[in-house]
There are 2 protein chains.
Amino acid sequence: MNKAAYHHGDLRTALLEAADTLLAEQGAAGLSLRAVAKRAGVSHTAPYRHFRDKAALLSALAAEGFRLLAEGLEAAAARHVDDPARQLKEAGRVYVTTALAHPQRARLMFGGNVALSDHDPVYQAAGERAFNGLQQIIHAGQAAGVFRDDPVRPLALSLWSAVHGLVMLLLAEQIGDVPAGDPARVATMISWVTEVTLSGVLHRDSPGNS
Amino acid sequence: MNKAAYHHGDLRTALLEAADTLLAEQGAAGLSLRAVAKRAGVSHTAPYRHFRDKAALLSALAAEGFRLLAEGLEAAAARHVDDPARQLKEAGRVYVTTALAHPQRARLMFGGNVALSDHDPVYQAAGERAFNGLQQIIHAGQAAGVFRDDPVRPLALSLWSAVHGLVMLLLAEQIGDVPAGDPARVATMISWVTEVTLSGVLHRDSPGNS
DNA sequence: ACCTGAACACCGTTCAAGT
DNA sequence: ACCTGAACACCGTTCAAGT
């Protein structure tokens with residue numbers, strides 16, 4: 001753990017850790033590559049050995065976030081395999097709480113401000129994996145007769161949009177009476193959105209929803 | 001329209017126009033106050049006569065975006081007063097298309113990266129106005145027996161989240177097969193999301209949706 | 001009131017150079 | 001291979017000064 005060892009072969013990790021700390025403190029806008037290098041105890045040009053430019057470092061940070069999110073979603077789905085509706089609700093809950101646990105990272109991941117679409121295959125991979133998982137749950141729910149027998153893609157996109165939208169509204173503090181910090185109120189909103197999206201808005205003669 | 005007149009009393013507007021152009025071209029990250037000043041034909045310190053700092057300029061830009069969006073939503077709602085479901089679908093369409101028509105401005109408005117929450121009352125006002133309008137539509141729909149008789153706020157939040165989430169996913173180019181530029185595919189997705197959110201995902205014995 | 005130019009403390013990135 | 005220090009062209013912001 002001495003300086004020489006720390007900066008020997010593991011500088012990339014050290015830079016990512018430093019960047020993650022600074023990101024959480026000040027957001028992506030206030031994060032400077034020079035500050036990251038300084039925090040890692042290295043000259044301000046050293047990062048260029050490991051990242052093509054600043055965007056590449058932020059990109060790596062976002063990629064890690066997508067990986068963690070995908071894992072959390074899969075774990076949530078694995079917990080209630082025989083109850084598709086519950087799987088969706090739990091996955092939605094994990095999606096929102098994971099993002100809000102690291103708001104600056106989530107803004108980085110979802111804000112679309114970094115050149116994340118720079119063909120870094122990690123995003124595509126994580127996104128596709130998550131979306132495929134979602135579609136599989138829906139398919140299972142249809143096979144079990146719990147979900148409507150509509151085409152899967154519209155259903156999946158709607159669920160994803162609803163949960164993603166809630167995250168973004170909370171992150172941007174655009175929901176009037178919620179200062180984005182109250183976990184209980186956030187939990188309530190998650191329930192609202194997932195349950196309404198599952199049940200729909202239109203009037204129905206035979207409710208039958210939990 | 002000579003230089004002297006242009007920079008006389010209307011520099012604020014000129015700066016906002018220059019900033020809007022640069023924003024559309026390069027995004028908020030690549031927008032420099034000095035470039036805005038240069039484009040407006042003025043020294044790089046002149047903007048400080050009209051905006052406290054760079055964030056204030058961006059904030060004004062976002063505020064204008066919220067105002068335009070709120071107007072569009074109200075116009076859409078006014079077009080189909082006697083058909084609440086149609087009002088919601090049309091408002092959703094306007095929400096998505098307006099944002100995608102000026103993607104960089106939308107990222108600025110919704111990304112949560114600018115200090116928009118700096119108590120600029122315009123955001124709160126525009127947001128509340130839009131949300132209240134949404135709740136009124138739902139209320140009318142319930143009175144007409146078209147919508148479920150559930151509490152209004154969860155229904156409103158769910159619709160808002162779904163449409164907002166679709167916008168953000170498209171803006172971040174996080175939807176696998178849509179390069180965010182194809183209007184026909186975007187229109188399809190809007191229909192999917194609004195209709196599924198209205199009808200729900202769960203199986204229902206008596207469909208009855210349009 | 002409104003604008004300017006110099007100045008300050010930062011940036012990201014490049015490049016020759018050191019080990 | 002990996003890191004450094006100087007250098008370049010930018011930033012946002014402040015401030016004394018001009019009209």
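What you see is a predicted model; the values in this text were computed from it and never measured. Labels below follow one simple rule: chain letters A, B, ... track the order of the sequence lines, proteins then strands, and each chain is numbered from 1. Values below: all heavy atoms of this structure, side chains included; hydrogens, waters and symmetry mates excluded.
Crowding of B/His139 atom NE2: a count of heavy atoms from other residues, nucleotides or ligands under 6.0 Å not exceeding 12.
The distance between atom CZ of B/Phe51 and atom P of D/dT13, rounded to the nearest whole Å, is 13 Å. Atom CG in A/Leu15 sits about 9 Å away from atom P in D/dC3, given to the nearest Å. Atom CG in B/Leu22 sits roughly 11 Å away from atom P in D/dC11 (whole-Å rounding). Rounded to whole angstrom, the span from the OH atom of A/Tyr48 across to the P atom of D/dG5 amounts to 16 Å. Across the protein-nucleic acid pair, A/His44 atom NE2 and C/dG12 atom C1' stand 9 Å apart, rounded to whole Å. If you measure from atom NZ of B/Lys38 to atom P of C/dT4, you get 13 Å, rounded to the nearest angstrom. One interatomic measurement links the two molecules: CG of B/Leu31 to P of D/dG12, which rounds to 8 Å at whole-angstrom precision. For the pair A/Arg12 CZ and D/dC2 C1', the computed distance is 16 Å after rounding to whole Å.
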### Query
A/Ile175 and A/Met189: side chain to side chain contact (heavy atoms under 4.5 Å, CB included), yes or no, with the steps?
CA-CA 11 Å; A/Ile175 295 182; A/Met189 297 179 125; 3.4 Å; yes

### Task
With side chain to side chain contact (heavy atoms under 4.5 Å, CB included) as the test, would you mind laying out the steps for B/Leu16 and B/Phe51 before giving the verdict?
CA-CA 10 Å; B/Leu16 284 173; B/Phe51 301 98; 3.9 Å; yes

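A residue-by-residue look at B/Arg34 and A/Asp53 shows that B/Arg34 has its nearest nucleotide of DNA chain C further toward the 5' end.
For A/Val42, the listed nucleotide lying nearest its side chain is D/dC3; candidates were C/dC3, D/dT13, D/dC3. The nucleotide whose nearest atom lies closest to any side-chain atom of B/Arg49 is, among C/dC2, C/dG12, D/dA7, C/dC2.
Across every strand in view, D/dT4 sits in a pair with C/dA16 that passes the Watson-Crick or G-U test at under 3.5 angstrom.
Taking a cutoff of 4.0 Å between a charged side-chain nitrogen and a carboxylate oxygen, B/Glu74 and B/Arg129 qualify as a salt bridge.
Checking the phosphate oxygens (OP1, OP2) of C/dC3, no side-chain nitrogen or oxygen of B/Ser43 falls inside 4.0 Å. Dashed line: the shortest gap from a side-chain N or O of B/His50 to OP1 or OP2 of C/dC3 is under 4.0 Å.
Using bins of under 30°, 30° to 60° and over 60° for the plane-to-plane angle, the ring pair B/Trp160/B/Phe131 lands in the tilted bin.
Within 3.5 Å, a donor on the side chain of B/Thr45 pairs with an acceptor on the base of C/dG5, or the reverse.
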